[in-house]
Amino acid sequence: MDRFYITTPIYYVNGPPHLGHAYTTVVADALTRFARLEGKDAFFLTGTDEHGEKIAQSAQSKGIAPQKWVDDVSAQFRKLWPELHIEPDDFIRTTEERHIRVVQAILQKVFESGDIYYGEYGGNYCVGCERFLDDDELVDGKCPDHGVAPSFVNEANYFFRMSAYQDWLISHIQDNPDFIRPERYRNEILAFLRKPLKDLCISRPKNRLSWGIELPFDSNFVTYVWFDALVNYVSALGWPDGERFAKYWPVAEHITAKDIIKPHGIYWPCMLKAAGIPVYRHLSVHGFWRGADGRKMSKSLGNSVDPAEMAQRYGADVFRYALLREMPYGQDANIGEEIIATRQNSDLANDLGNLISRTLKLVFRSFGGVVPRISETRVEDTALRDQWIGALTVVREAWHELRMSQGIETVIDCIRATNRYFDQMKPWELAKRGDTDRLATVLVSALDSIRIASVLLTPVMPERMAELRRQLGLTSFPSLEEAERWNGFTEGHPLAEGKSLFPRADLEEVRMRELHRREAAIQSGTSDKPEQAPVDSSTPVTIEEFRRIDLRVGTIVAAEPVPGARKLLRLQVDIGEAAPRQLVAGLAEQFEPAHLLGRQVVVVANLEPATIRGIESQGMILAADDQGRLALLGPAAAMPNGARIR
Ligand code: ME8
């Protein structure tokens, strides 16, 4: 039997699970369920990463003993997964004995082979990333992912001779094009590898950090958290001689977001090679979720999405559907409650739900809820069949290549085609006319379509599809083999009555709720100027995208402080329109309102208005920012207000 082994990152327990964690784990769960539809023997691993400075610091800041802290937070992850219909086959914690044993055995093995040595090193350490950053990884002296300056650490430690594996790793990546995918992340890793690879510092002296796994060959040190964490992927399988290891390791596939490709794409393969363990088969990297406003999710912006709340409000299956549908794997995507609700209303209620309810209703009304006998088929019926059967190959390939969003879209396209078929065949009129033969064929075609959809959407919406299959009177575990059969119902097969599967959300209500979330965040926020998403210079903007930004010259005609807001000024800026624009800008710490009057500035004129401290801001003023020291931008010579900047 074909096998399938998938892992998520094991998540840091410095805080409760969030949407990003939920997404990767939903992806792994859905891929596992898809593998089972294909009849594969599948194993899905997730867990928590519980050692290291970051965790020790978060426990300390709460005044809680590290073990108690990690027990509590890890339990929050384990509690959330079933709420999202996520069913891992194992959940590993790095504080478990079964893991500690394997980390120490691998360290000992690599130590004995001569690839671990003692030495001294100084470098910039980011606790958020839990790794030393190279100088060229810093942006304005800060870690671009965590927005803080790393601290310089210089101490004697043990090192893993990673440099010895550089050439081997480059060839391995070149010889195995789908080792790291999608391609842009493979290229990113190959780009890292164009520079000489440094050896990896793999220990921390206990007198600085004791929360970790003791080195087996020197009890004065604990293991560096990444050398500890990555090993979970084999310790959970019982390396070296566990039955699961023999069964599943040869097909290992890791999924992570782009933030941790370096440990997964570089450290881990080198560690495996050094320990004499075959490398994993795939590393599949996805992008980052941003808020609905396109900015990095943050509490202070009120644009974050709480997975437990969404699952409760829409049902876990609808939430999973929205996540898998909205993010093309590998790219960044935006998410917010309105996006989820819109997906529910359009794809699920309008398309799928509508097809199910009108088909079942007619089968009950005209045939007493029993699948009728079909006599003749027409070209429209076979065209519908061909579309569904053709879609199966597309869907299967899409899931194999982690294009779940496309796989889902293909199913929804078929559902839409079935709805069009239904509209054209007008079975309600056939019923009225008493054309029972034709009516039977049309309804059975629709039923077959729904049955195939119930199989193909099971990985995404396991519970709703189980209920749908109950209503279709199906008792078997869904399989792709079943989906390949058209005319899959036998005459006389009874359907079961049931409730409507996909209710509709009131979008007005949803919008109000989102607005309240944002306002509440701004009201309660400590910062007047919300933290900005780091600039993503890896994805170029097109000239058309740039042209969409309407930049104008304007003159500041009024300026005053915003009461109660240390940093904010309320400005009126004439940009050549009938009335000046009102803007709220974070300039108060550096500029006296009076000194701004008459200054020409650059205004983003088509920025979505935002309400800040109850004042509507209708645009934004551009300034250069040197770690908080601001210089306003303006034309080098006086220009008419409203002059366009190109
Ligand atoms: O890095 N969008 O743990 P972590 C999408 N313990 N996915 C996101 C996301 C976002 N905005 N934010 C987080 C660690 N993720 C280490 C891993 S593995 C041996 C050790 C997801 O808690 C995504 O999967 O910081 C990302 O790679 C992971 O959470 C990072 O989780």
Side-chain angles (χ1 to χ4, degrees), residues 6-29 31 45-56 58 70 73-74 76-77 80 86 91-95 99 102-103 106 126-131 143 145-146 185 212-213 223-236 252-269 271-272 280 283-292 294-299 301 303-307 323-324 326-336 402 533-534 536:
I6 195 144
T7 69
T8 70
I10 49 171
Y11 305 112
Y12 284 130
V13 288
N14 58 322
H18 56 65
L19 178 95
H21 298 137
Y23 172 70
T24 315
T25 321
V26 163
V27 168
D29 182 80
L31 286 166
L45 174 69
T46 188
T48 42
D49 186 355
E50 308 189 358
H51 290 127
E53 274 179 66
K54 178 149 71 179
I55 309 302
S58 48
V70 300
V73 182
S74 176
Q76 294 177 36
F77 280 85
L80 178 62
I86 291 170
F91 186 102
I92 184 137
R93 302 181 54 192
T94 54
T95 49
H99 174 73
V102 173
V103 171
I106 287 181
C126 171
V127 175
C129 294
E130 287 279 23
R131 63 182 181 88
C143 163
D145 284 352
H146 296 95
Y185 298 111
I213 299 177
T223 311
Y224 166 50
V225 64
W226 273 107
F227 205 100
D228 161 353
L230 289 160
V231 169
N232 89 87
Y233 301 133
V234 296
S235 68
E253 167 156 11
H254 301 311
I255 58 176
T256 77
K258 61 185 180 182
D259 53 340
I260 50 176
I261 57 172
K262 214 171 174 181
H264 282 83
I266 297 181
Y267 306 174
W268 181 225
M271 286 165 64
L272 287 165
Y280 55 82
L283 168 62
S284 303
V285 183
H286 63 76
F288 253 54
W289 286 105
R290 298 171 303 217
R295 300 212 270 179
K296 185 176 173 173
M297 278 189 195
S298 89
K299 291 232 165 67
L301 288 177
N303 66 349
S304 53
V305 170
D306 174 14
L323 291 181
L324 292 169
E326 287 295 328
M327 178 175 269
Y329 200 84
Q331 294 169 34
D332 291 350
N334 297 356
I335 193 81
L402 289 108
D536 178 5

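Numbering of ligands and ligand atoms starts at 1, following listing order. This is a predicted model, so every value here is computed, not measured. What's counted below: heavy atoms across the whole structure, side chains too, no hydrogens, waters or symmetry copies.
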Practice problem: Output yes when the distance from some N or O of ligand 1 to some N or O of W226 is under 3.5 Å, and no in every other case. | Solution: no
Quiz item: Quick check: does A229 get an N/O under 3.5 Å from an N/O on ligand 1?
Solution: no
Quiz item: How many angstroms lie between CH2 in W226 and CE in M271, if you round to the nearest 0.5 Å?
Solution: 10.5 Å
Practice problem: List the closest protein heavy-atom neighbour of atom 19 (C) of ligand 1: residue, atom name, distance to the nearest 0.1 Å. | Solution: Y233 OH, 3.5 Å
Quiz item: How far does OG of S235 sit from CG of L230, to the nearest 0.5 angstrom?
Solution: 11.0 Å
Quiz item: Which residue supplies the protein heavy atom nearest to atom 17 (C) of ligand 1, what is that atom called, and how far is it?
Solution: I10 O, 3.2 Å
Quiz prompt | Charged N-O contact under 4.0 Å between R93 and D49 | solution = no
Quiz item: Looking only at N/O atoms, are W289 and ligand 1 under 3.5 Å apart anywhere?
Solution: yes
Practice problem: Identify, for atom 13 (C) of ligand 1, the protein heavy atom at the shortest distance, and state residue, atom and that distance. | Solution: H18 CE1, 3.4 Å
Quiz item: Which residue and non-hydrogen atom of the protein lie closest to atom 3 (O) of ligand 1, and at what distance in Å?
Solution: Y12 CD1, 3.3 Å
Exercise. Number the atoms of ligand 1 from 1 as they appear, then name those within less than 4.0 Å of a heavy atom of D49, with their elements.
Key: 6 (N), 16 (C), 20 (C)
Quiz item: Of T25, L80, V26, which meets side chain to side chain contact (heavy atoms under 4.5 Å, CB included) against P307?
Solution: L80
Quiz item: Minimum heavy-atom separation for Y233 to P9, with atom names?
Solution: OH-CA, 3.6 Å
Practice problem: Determine whether any heavy atom of G287 lies closer than 4.0 Å to an atom of ligand 1. | Solution: yes
Quiz item: Which heavy-atom pair separates P269 from Y280 by the least distance, and what is that distance?
Solution: CG-OH, 3.8 Å
Quiz item: Would one find an N or O of K54, backbone or side chain, under 3.5 Å from an N or O of ligand 1?
Solution: no
Quiz prompt | Element-labelled atoms of ligand 1 that are located less than 4.0 Å from some non-hydrogen atom of I260 | solution = 1 (O), 17 (C), 27 (O)
Quiz item: Judged by modelled atom types alone, do S284 and E253 share a side-chain donor-acceptor pair under 3.5 Å?
Solution: yes
Quiz item: Would Y23 count as a contact of ligand 1 if the rule is a heavy atom under 4.0 Å away?
Solution: no
Quiz item: What part of I255, side chain, backbone, both or neither, has a heavy atom within less than 4.0 angstrom of ligand 1?
Solution: neither
Practice problem: Run the ring-centre check on Y23 versus H18 and record whether the distance is less than 6.0 Å. | Solution: no
Quiz item: Heavy atom of H286 under 4.0 Å from ligand 1?
Solution: yes
Quiz prompt | Heteroatom proximity flag, T24 to ligand 1, N/O under 3.5 Å | solution = yes
Quiz item: Strictly under 4.0 Å, does any heavy atom of W268 approach an atom of ligand 1?
Solution: no
Quiz item: To the nearest 0.5 Å, how far apart are OH in Y267 and CD1 in I260?
Solution: 11.5 Å
Exercise. For atom 8 (C) of ligand 1, find the nearest protein heavy atom and state the residue, atom name and distance (0.1 Å precision).
Key: G20 CA, 3.2 Å
Quiz prompt | Heavy-atom pair of closest approach, residues A28 and T8 | solution = CB-CG2, 3.6 Å
Practice problem: Starting from atom 26 (C) of ligand 1, locate the nearest protein heavy atom and write down its residue, its atom name and how far away it is, to 0.1 Å. | Solution: D259 OD1, 3.4 Å
Quiz item: V231 and side chain to side chain contact (heavy atoms under 4.5 Å, CB included): which partner among I92, I213, I106?
Solution: I106
Quiz item: Quick one: does M297 get within less than 4.0 Å of ligand 1, heavy atoms only?
Solution: no
Quiz prompt | Point-to-point distance, once rounded to the nearest 0.5 Å, from CD1 of I6 to CG of D29 | solution = 10.0 Å
Exercise. Could you tell me if any non-hydrogen atom of H264 lies under 4.0 Å from any atom of ligand 1?
Key: yes
Self-check item: No-hydrogen, no-angle side-chain donor-acceptor test under 3.5 Å, T94 and E50
Solution: no
Quiz prompt | Closest approach of any protein heavy atom to atom 29 (O) of ligand 1, naming residue and atom | solution = H21 CD2, 3.4 Å
